[in-house]
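Please read these numbers as outputs of a predicted model, since none were measured by experiment. Residues take their numbers from the sequence shown, with the count starting at 1.
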Amino acid sequence: MLSFLASSLGPCSPQARLLALQCALRSTPHGQVRIPAGLIRAMALPQAAAAWRELEELHWLRQSVRNSPIVSAQLTDPLIGALGRKTRARAADWALRTHHSRPVRAGAPAVRLVTLALAAYGAPDRTDGIAEIDQLARASGLSKPGLLSIVRLLSATGGIGCWSLDHATDDLTWTLSPHVPAAPSNDQGC
């Protein structure tokens, strides 16, 4: 889903990208989405209303109900061919759980987005991973220097364990903190 957002959403703030991820994962096959206000609070977005406006300005969604216990919206790309709704709902829950460790939750939305990308691109059911830095930067909506800056910050605050960048191949290798859940294996539906 992060790859889908990288291609369909374009440049946007990390908080808008996190909100778009939850909308995409929780939408119906026709692109309708209902997000409870409690879920928005749990996401700890510093300016949730601004994130909604940003997604509307990008013509990625249209809000139909605002300022109520449940925000309703229509995605402009109905995710034709996306994974089944139950699978996407499990993935949405897992994406929220990647934010629960103290170093990650205390960080800015960009920190949470990079942690999510590292967990998603890591080895299923394991806490380590390797991926091309360009791929991770694209999925996070960041530049390579921006991504590396956040990886350094996560390492310094305990959000991830060790990490390294192979300059010959541009592969980033990392180990997640034990508090960040690894991506479930495919046989678990995510």
Side-chain angles (χ1 to χ4, degrees), residues 1-100 104-105 107-122 131 134-144 146-147 150 154 180-181 183-184 189-190:
M1 193 55 73
L2 289 172
S3 296
F4 168 78
L5 290 176
S7 64
S8 72
L9 194 54
C12 67
S13 71
Q15 71 175 358
R17 193 169 296 271
L18 286 169
L19 180 58
L21 177 67
Q22 287 298 319
C23 288
L25 290 172
R26 294 174 185 277
S27 70
T28 68
H30 302 290
Q32 297 171 338
V33 64
R34 294 169 42 102
I35 305 285
L39 177 65
I40 301 297
R41 280 191 304 277
M43 291 176 66
L45 300 175
Q47 299 173 344
W52 283 108
R53 277 193 308 278
E54 187 175 354
L55 293 175
E56 282 187 301
E57 288 168 5
L58 290 169
H59 303 288
W60 197 78
L61 60 71
R62 289 184 307 275
Q63 273 187 275
S64 52
V65 177
R66 301 172 189 184
N67 302 327
S68 73
I70 296 178
V71 177
S72 295
Q74 175 68 47
L75 304 183
T76 57
D77 181 346
L79 304 173
I80 297 171
L83 299 172
R85 189 169 186 190
K86 286 183 181 180
T87 301
R88 287 188 285 119
R90 283 193 301 269
D93 177 62
W94 172 79
L96 283 176
R97 285 186 282 121
T98 63
H99 302 170
H100 285 295
V104 175
R105 184 152 178 85
V111 171
R112 289 181 262 152
L113 189 57
V114 169
T115 304
L116 175 61
L118 292 173
Y121 282 89
D134 288 333
Q135 183 181 30
L136 289 168
R138 186 171 179 264
S140 301
L142 300 169
S143 65
K144 287 196 294 188
L147 175 73
I150 291 174
L154 282 167
V180 176
C190 293

Practice problem: Please step through side chain to side chain contact (heavy atoms under 4.5 Å, CB included) for the pair R138 and S7, ending with a clear verdict. | Solution: CA-CA 9 Å; R138 186 171 179 264; S7 64; 3.6 Å; yes
Quiz prompt | Pair S72-V33, side chain to side chain contact (heavy atoms under 4.5 Å, CB included): steps then yes or no | solution = CA-CA 6 Å; S72 295; V33 64; over 6 Å; no
Self-check item: Trace of the side chain to side chain contact (heavy atoms under 4.5 Å, CB included) decision for R26 with L39
Solution: CA-CA 11 Å; R26 294 174 185 277; L39 177 65; 3.3 Å; yes
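A donor-acceptor contact shorter than 3.5 Å links the side chain of Q15 to the backbone of Q47. Put simply, the side chain of T76 gets close to the backbone of H59: a donor and an acceptor are under 3.5 Å apart. Side-chain atoms of R112 come within 3.5 Å of backbone atoms of M43 as a donor-acceptor pair (strictly under, hydrogens ignored). Of the possible polar contacts, none joining the R17 side chain to the P109 backbone as a donor-acceptor pair under 3.5 Å is found. Checking side-chain atoms of S140 against main-chain N and O of V114 turns up no donor-acceptor pair under 3.5 Å. Using modelled atom types, no side-chain atom of Q74 and backbone atom of L61 make a donor-acceptor pair closer than 3.5 Å.
Residue L2 comes nearest to A120 through the heavy atom pair CD1-CB, 4.0 Å, listed as atom of the first residue, atom of the second, then distance. Of all the heavy atoms in A20 and L9, the pair that sits closest is CB-CD2, 3.8 Å. For the residue pair L136 and A117, the shortest heavy atom distance occurs at CD2-O, 3.9 Å. Closest heavy-atom contact between A137 and L147: N-CD2, 3.8 Å.
Using a 4.5 Å heavy-atom threshold, the side chains of D134 and K144 count as touching. At a threshold of 4.5 Å between non-hydrogen side-chain atoms, the residues I40 and L19 count as touching. Side chains of I35 and I70 form no contact here, defined as non-hydrogen atoms less than 4.5 Å apart. In this structure, W60 and C12 have side chains that are not in contact, with every pair of non-hydrogen atoms separated by 4.5 Å or more. Between L116 and L21, the closest side-chain pair of non-hydrogen atoms falls below 4.5 Å.
Atoms CG and OG1, from L75 and T28 in turn, are 8.0 Å apart once rounded to the nearest 0.5 Å. In this structure, the separation between CD on Q63 and CH2 on W52 is 5.5 Å, given to the nearest 0.5 Å. Q22 CD to S27 OG: the interatomic distance, rounded to the nearest 0.5 Å, is 11.0 Å. The distance from atom CG of L18 to atom SG of C23, rounded to the nearest 0.5 Å, is 11.0 Å.
Side-chain contact, S13 with E54: a donor N or O sits under 3.5 Å from an acceptor N or O.
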